[in-house]
Amino acid sequence: MAIEETIYETADQQTPQSEEKKYQADNIQVLEGLEAVRKRPSMYIGDTGVRGLHHLVYEVVDNSIDEALAGYANKIKVTIQEDNSIRVEDNGRGIPVDMHEKMHKPALEVVLTVLHAGGKFDKGSYKVSGGLHGVGVSCVNALSDYLRAEIHRDGKIHMQEYAFGKPTCALKVIGETDHTGTTVIFHPDATIFSETIYDYDTLANRLRDLAFLNAGITLTLTDMRVRDEEGNPRSEIFHSDEGLKEFVKYIDEGKEPLIEHIIHLNTEKNGVPVEVAMTYNTGFNENIYSYVNNINTIEGGTHLTGFRRGLTTTLKKYAEDNKLLEKLKIELSKEDFRDGLTAVVSVKVAEPQFEGQTKTKLGNNEVMGVVQTAVSEALRNYLEEHPKQARVIVDKVVLAAQARHAAQSARLRVQNKSPFSGAGLPGKLAPCKSRDAVECELFLVEGDSAGGSAKQGRNPHYQAILPLRGKILNVEKAQDNKVLASDEIVNIYKALGVTIGTEEDSKEPNMTKLRYHKIVIMTDADVDGAHIATLLMTFFYRRMRPIIDNGYLYIATPPLYKCTTKGKNKIEEYAWTDQQVQRFVDDRCGGDRNKLVLQRYKGLGEMNPEQLWETTMDPENRMLKQVTLTNAAEADRTFSVLMGEEVAPRKEFIETHATYANIDA
């Protein structure tokens, strides 16, 4: 059954009831079909920025994944074409093309032009599905200036083209075929999206996740825009035979394992397929990622609650039964059992009920008990069969409890008694005058020299400066008590007005008195500066995650060069890349590089206060890069590889990404 989406727009109710301004039936605007999607795109895909742009690809790929889950497909190919259009091809059954009885048009056209239409509502077609609202591919069609669907089915190739959600030709047969499948080619509408350039790594991360979450399926990503010296396009194949077991290995690649095994279960209870993989490493962070029907439930839900309960109760009972906690003088916390834990939880639910702000929190109560039981059984069997590893895990839990207890007194160092009193602020902080966190900015600046220039060049009304001495502690490899003993980190906590829970077992930051809604990392544009920026991002990701989740963290991008023409009428411009320098030569120097005076900034300290303000701090001119989190599992792996103990994965990461990296970007 198709449900028509309608949006009503009303006149301003405060307008006087003149003859021309009466609120009548003709004031009601009814948006039919896909017009509602084009009018309010963010209601359907989240936003019209980079995330929404990539979400279009996910919607089409999810349709192909649903075919695979139903047992009809095992290969999915995604291609970024030279014009930034996307091609998604699968070897499934092919979208039906016969006439729809109620709509009096081909089923393909119904799927592509009617909201809430699709096989997801027919339980006989799909037992479980990621695209449960039936709006995915129709939204992609609505938000594309061009879409072409090719269906291989019943020995024929069927084709239909669309523009802005409307068919531009009738469904027609264009050839014969000996296989089945669906191919969708689309180009995003530039009048809708603020950005239409697809990022290879973003798509690769999502396809890699899907390969781990759906063992046996092969996904291929090809980028026709980038080619190697032999002319071959950039391409990767994602395939997993062991599913989540390999996923956990991948996430923990940069970490030192505590036990040599990945504890893995793949079962079905009460009609709910449950797959879980978990292990422990020598680190001190908890990394649990949960999925429902391949959707990353970033807010957790009942399946995550069930996993945590199963883990805690089973481990605690084993430790108590084997008298492994007799010498422990302090009470264990639930968090102690998750110190150094990496786990992936995936469930397939026929009718998931999502809640939460982002609609990615599972609310099905029956799933909690299912996951808890499955995890308890699998973990209990593992502990009994591997007593040596079980003892190592329990020792890790005890160590976590002792470190948490030791960190209790260290937390007092970051408890600010008054949010704006001088006693609660670090000595080198130059605070701003405003007390409105929404408008206030804090610059974390590398070194006293640059800090001095920033203090002089800033707008003191809303910009605060905190100079940092050298490289801060690498929190990736440090326990709570070591982190909270670091003067530089304590200064950052105090400057932000953030405290660490006064409760003994609380590691979560208290954000209620956060002073700034824009925290800017400002370091030199060299290797040392990049290292300091990475250390700071690691700190915020591991210890101040809400800062990133709320979109408050930014990276400043100071210019690399100052370009000046020779002669009397000098022209000066700043450049951030070598390409911009060349453009200056072409536009301002008539192509003659001898007329260029080029100054290379090795550090922020080389700029005077006016230059630093003009290029890097002035909202009218500066370029800030917002730090966002699109894939938590990939982010965790990246931080572990770059900042962890293992050298080999870090070397491989650098060599792989250096091939396609823009070093000056």
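Because the structure is predicted, anything quoted here is derived from the model rather than measured. Nothing fancy with the numbering, it's 1 onward along the sequence.
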Side chain to side chain contact (heavy atoms under 4.5 Å, CB included) filter on Pro546, not counting sequence neighbours, yields Pro509, Met511, Asn550

Q: Show the numbers, then the answer: is there a salt bridge (Lys or Arg N to Asp or Glu O under 4.0 Å) between Glu286 and Arg308?
A: CA-CA 11 Å; Glu286 169 193 344; Arg308 285 174 167 167; 2.8 Å; yes

The reported gap from CG in Asp90 to OG1 in Thr182 (rounded to nearest 0.5 angstrom) is 5.0 Å

Sorted by chain and number, sequence neighbours left out, salt bridge (charged side-chain N to carboxylate O under 4.0 Å, His left out) with Arg225 holds for Asp223

Note to self: A side-chain contact here means heavy atoms from C-beta on lying under 4.5 Å apart; do Leu207 and Val78 qualify?
What the structure shows: yes

Across all chains, not counting sequence neighbours, the salt bridge (charged side-chain N to carboxylate O under 4.0 Å, His left out) partners of Asp199 are none

Tell me whether the centres of the aromatic rings in Tyr552 and Phe540 are closer together than 6.0 Å. no

With a 4.5 Å heavy-atom cut-off, do Leu514 and Ile547 have their side chains touching? yes

Between Leu315 and Ile393, the two heavy atoms sitting closest are CD2-CG2, 3.8 Å

Arg391 meets the salt bridge (charged side-chain N to carboxylate O under 4.0 Å, His left out) criterion, sequence neighbours left out, with Asp395

* Asked: With a 4.5 Å heavy-atom cut-off, do Val274 and Val370 have their side chains touching?
  -> yes

Requested in this report: Verify the distance criterion only: is there a donor paired with an acceptor across the side chains of Ser240 and Glu246 at less than 3.5 Å?
Outcome: yes

Do Tyr291 and Val344 come within less than 4.5 Å of each other through their side chains, counting heavy atoms only? yes

Lys/Arg-Asp/Glu bridge criterion (N-O < 4.0 Å) met for Lys361, Glu299:
no

When rounded to the nearest 0.5 Å, the distance separating CG of Leu362 from CD1 of Ile295 is 10.0 Å

Inset, instruction - Taking the side chain as every heavy atom from C-beta outward, state whether Leu219 and Ile65 have any pair of such atoms under 4.5 Å apart. - result: yes

So salt bridge (Lys or Arg N to Asp or Glu O under 4.0 Å) across residues 362-373, not counting sequence neighbours, yields none

CG (Asn294) and CG (Leu69) are apart, to the nearest 0.5 Å, by 5.5 Å

- Task: Begin with the C-alpha distance, continue with both residues' side-chain angles, and end with the deciding distance and a verdict on side-chain contact (heavy atoms from CB on, under 4.5 Å) for Phe354 and Thr297.
- Result: CA-CA 9 Å; Phe354 291 110; Thr297 44; 4.0 Å; yes

Q | Presence of salt bridge, Glu377 and Lys269, under 4.0 angstrom | A | yes

Closest non-hydrogen atoms of Gly310 and Ser376, given as atom of the first, atom of the second and distance, are CA-OG, 3.5 Å

One should read off an interatomic distance between Leu379 CG and Leu265 CG, to the nearest 0.5 angstrom, of 9.5 Å

- Starting from the C-alpha separation in whole Å, work towards a yes-or-no answer on side-chain contact (heavy atoms from CB on, under 4.5 Å) for Met544 and Val498. CA-CA 9 Å; Met544 297 280 286; Val498 172; 3.8 Å; yes

Is the closest basic N to carboxylate O distance between Asp336 and Lys396 below 4.0 Å? no

| Lys255/Asp252 ion pair, N-O < 4.0 Å | yes

Side chain to side chain contact (heavy atoms under 4.5 Å, CB included) filter on Ala277, not counting sequence neighbours, yields Leu244, Val248, Ile262, His264

Residues pairing under salt bridge (Lys or Arg N to Asp or Glu O under 4.0 Å) where one sits in residues 318-330, two or more places apart or in two chains, turn out to be Lys317-Asp321

| message | When you measure from the side chain of Asn281 to the backbone of Gly283, do you find a donor-acceptor pair of N or O atoms at a distance under 3.5 Å? | response | yes

Taking side chain as C-beta onward, heavy atoms only, is Lys625 less than 4.5 Å from Tyr554?
no

message: Let's go through Ser346 and Val276 carefully: what are the C-alpha distance in whole Å and the side-chain angles of both, what is the deciding distance for side-chain contact (heavy atoms from CB on, under 4.5 Å) to 0.1 Å, and is it a yes or a no?
response: CA-CA 6 Å; Ser346 176; Val276 176; over 6 Å; no

**OP:** Indicate yes or no: at least one non-hydrogen side-chain atom of Leu311 is less than 4.5 angstrom from one of Leu341.
**Re:** yes

Here the ring-ring contact (aromatic ring centres under 6.0 Å, His included) pairs for residues 294-316, sequence neighbours left out, are none

Please determine whether the number of non-hydrogen atoms from other residues, nucleotides or ligands lying under 6.0 Å from atom CG of Asn232 exceeds 12. yes

For residues 312-339, the ring-ring contact (aromatic ring centres under 6.0 Å, His included) pairs (sequence neighbours left out) are none

Would you call Arg543 and Asp480 a salt bridge, using N to O less than 4.0 angstrom? yes

Per side-chain contact (heavy atoms from CB on, under 4.5 Å), Glu488 is matched among Leu535, Leu444, Leu468, Leu536 by Leu468

I'd like to check Met537 versus Ile555 (side-chain heavy atoms, cut-off strictly below 4.5 Å). Are they in contact?
yes

Check: Got a donor-acceptor contact below 3.5 angstrom from the Ser290 side chain to the Val345 backbone?
Finding: no

Check your understanding: Looking only at atom types and distance, does a side-chain atom of His55 sit under 3.5 Å from a main-chain N or O of Arg51, one as donor and one as acceptor?
Key -> no

Flag the pair Asp487 and Lys494 as a salt bridge only when some basic side-chain nitrogen lies within less than 4.0 angstrom of an acidic carboxylate oxygen. no

Report task. Report, as yes or no, whether the 6.0 Å neighbourhood of atom CD1 on Ile237 holds more than 12 heavy atoms from other residues, nucleotides or ligands. Result -> no

query: Short question: side chain of Asn481, backbone of Ala403 - any donor-acceptor pair under 3.5 Å?
result: no

Closest non-hydrogen atoms of Ile532 and Lys471, given as atom of the first, atom of the second and distance, are CG1-CG, 3.6 Å

- Task: Any chance you could lay out the side-chain contact (heavy atoms from CB on, under 4.5 Å) test for Glu89 and Thr220, step after step, and finish with the verdict?
- Result: CA-CA 10 Å; Glu89 179 182 357; Thr220 305; over 6 Å; no

In short, ring-ring contact (aromatic ring centres under 6.0 Å, His included) pairs touching residues 199-222 with sequence neighbours left out are Phe212-Phe247, Phe212-Tyr250

Going through the checks in order, is the side chain to side chain donor-acceptor pair (under 3.5 Å) test met by Asn287 and Arg542? CA-CA 10 Å; Asn287 300 295; Arg542 292 298 187 195; 3.0 Å; yes

Residues passing the side chain to side chain contact (heavy atoms under 4.5 Å, CB included) test with Val50, sequence neighbours excluded, are His54, Glu195

Gln353 meets the side chain to side chain contact (heavy atoms under 4.5 Å, CB included) criterion, sequence neighbours left out, with Asn364

